Amino acid sequence: MLLMPAGWLEEEVVGTSGGRSEVRPVEDWRDVYDLLDAVRQRPNAWVRNGSLEELAVLMFGYHLALQVHDVDEPFEFHRGSGGFASWLSRTHGWSMAIAWDAAIVENLPGEPPLDAFFRLVDEYREFAGQPVREPIHRGICSS
């Protein structure tokens, strides 16, 4: 069982505000959104320097594992053509020729990339009818 102990890599939670984080064991994850919740709770444990490109590569690995292990789970985060990218293109008019991670960085230069990503993911989940699970958080990270 993979668990990160309390206080490990003390940092602020990205893209939300509120109390303390709870870390769920990997075997209790239900889908890609649980992975994203883990990244949101401990961003520096998953991606270096708040890099959205690294997060996109992590997401690609997640999708690849779904395919290799024949897991029947919808995956909305293909870099240029998934549901999330299509939604960004329709709602914001952004080109997805450069993929969703680069589009966010390019079109929202004044907002920390991970904060922007998680804000947009929350909006996308509402649009897609995907319930936004509210983990308990400690604060907003803007680095």
Side-chain angles (χ1 to χ4, degrees), residues 1-4 8-143:
M1 168 172 22
L2 175 63
L3 278 177
M4 292 177 266
W8 184 70
L9 280 176
E10 284 298 324
E11 59 190 275
E12 297 296 320
V13 176
V14 175
T16 61
S17 60
R20 284 210 36 87
S21 300
E22 292 180 7
V23 179
R24 181 186 310 200
V26 171
E27 59 270 11
D28 290 345
W29 290 2
R30 298 165 293 213
D31 56 28
V32 70
Y33 293 105
D34 284 323
L35 170 61
L36 290 175
D37 288 343
V39 173
R40 185 186 307 229
Q41 290 176 7
R42 301 277 190 262
N44 290 333
W46 296 94
V47 296
R48 291 176 289 194
N49 303 317
S51 169
L52 211 48
E53 182 179 14
E54 284 198 17
L55 178 59
V57 171
L58 176 70
M59 301 289 284
F60 173 77
Y62 182 91
H63 182 245
L64 186 59
L66 292 176
Q67 293 177 317
V68 166
H69 297 286
D70 199 27
V71 176
D72 184 24
E73 177 185 322
F75 186 74
E76 299 292 323
F77 295 93
H78 297 280
R79 289 181 84 188
S81 63
F84 180 65
S86 297
W87 174 80
L88 284 174
S89 181
R90 277 192 318 275
T91 60
H92 295 281
W94 299 345
S95 170
M96 286 300 118
I98 57 174
W100 57 257
D101 54 311
I104 290 170
V105 171
E106 180 178 297
N107 289 287
L108 299 172
E111 189 173 357
L114 284 180
D115 285 351
F117 171 75
F118 284 114
R119 177 179 57 76
L120 291 165
V121 165
D122 290 345
E123 291 174 20
Y124 173 70
R125 290 175 81 169
E126 287 181 29
F127 163 80
Q130 173 69 250
V132 177
R133 295 185 288 264
E134 293 291 333
I136 302 169
H137 299 295
R138 290 182 283 148
I140 295 178
C141 175
S142 58
S143 57

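Keep in mind that what you see is a predicted model, and the values were worked out from it rather than measured.
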Enquirer: Per the side chain to side chain donor-acceptor pair (under 3.5 Å) rule, what does the pair list look like for residues 74-83, sequence neighbours excluded?
Expert: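 Non-adjacent pairs meeting side chain to side chain donor-acceptor pair (under 3.5 Å): E76-Y124, R79-D101.
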Enquirer: Do D37 and W29 come close enough that some side-chain heavy atom pair is under 4.5 Å?
Expert: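 Contact flag for D37/W29 side chains = no.
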Enquirer: Tell me, with the steps shown, if D122 and R40 meet side chain to side chain contact (heavy atoms under 4.5 Å, CB included).
Expert: CA-CA 12 Å; D122 290 345; R40 185 186 307 229; 2.8 Å; yes
Enquirer: What pairs of residues pass the side chain to side chain donor-acceptor pair (under 3.5 Å) test when at least one of them lies in residues 53-62, not counting sequence neighbours?
Expert: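 Sorted pair list: R48-E54, Y62-E73.
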Enquirer: State, to 0.1 Å, how close P43 and L114 come at their nearest heavy-atom pair, and which atoms those are.
Expert: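 Between these two residues, the closest heavy atoms are CB-CD1, 3.8 Å.
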Enquirer: What's the verdict on side chain to side chain contact (heavy atoms under 4.5 Å, CB included) for L108 and R119, showing C-alpha distance, side-chain angles and the deciding distance?
Expert: CA-CA 12 Å; L108 299 172; R119 177 179 57 76; 3.5 Å; yes
Enquirer: Counting only N and O atoms by type, is there a donor-acceptor contact under 3.5 Å from the side chain of W100 to the main-chain atoms of F77?
Expert: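 The answer is yes, because a donor-acceptor pair under 3.5 Å joins these two groups.
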Enquirer: Can you give me the closest heavy-atom contact between A38 and W46, atom names plus distance?
Expert: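 In terms of heavy atoms, the two residues are closest at O-NE1, 3.4 Å.
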Enquirer: Taking all atoms of both residues into account, what is the closest heavy-atom pair of L36 and F118, and its distance?
Expert: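 Looking at all heavy atoms of both residues, the closest pair is O-CE2, 3.4 Å.
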Enquirer: Can you list everything that forms a side chain to side chain contact (heavy atoms under 4.5 Å, CB included) with D28? Sequence neighbours excluded, please.
Expert: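 D28 satisfies side chain to side chain contact (heavy atoms under 4.5 Å, CB included) with R24, P25 once adjacent residues are dropped.
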Enquirer: Could you state the interatomic distance from CG (L52) to CG (L58), rounded to the nearest 0.5 Å?
Expert: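 Nearest 0.5 Å value for the CG-CG distance: 11.5 Å.
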Enquirer: For the side chain of N49 and the backbone of S51, is there at least one donor-acceptor N/O pair under 3.5 Å apart?
Expert: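 Pair absent, no side-chain N/O of N49 close to backbone of S51.
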Enquirer: Which donor-acceptor pairs under 3.5 Å do the side chains of residues 84-93 make with protein atoms, sequence neighbours left out?
Expert:
| unit_1 | atom_1 | unit_2 | atom_2 | d |
| --- | --- | --- | --- | --- |
| S86 | OG | G82 | O | 3.1 |
| S89 | OG | W94 | O | 3.2 |
| T91 | OG1 | W87 | O | 2.7 |

Enquirer: Once rounded to the nearest 0.5 Å, what's the spacing between atom CZ of F117 and atom CG of L55?
Expert: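 If we round to the nearest 0.5 Å, F117:CZ and L55:CG are 5.0 Å apart.
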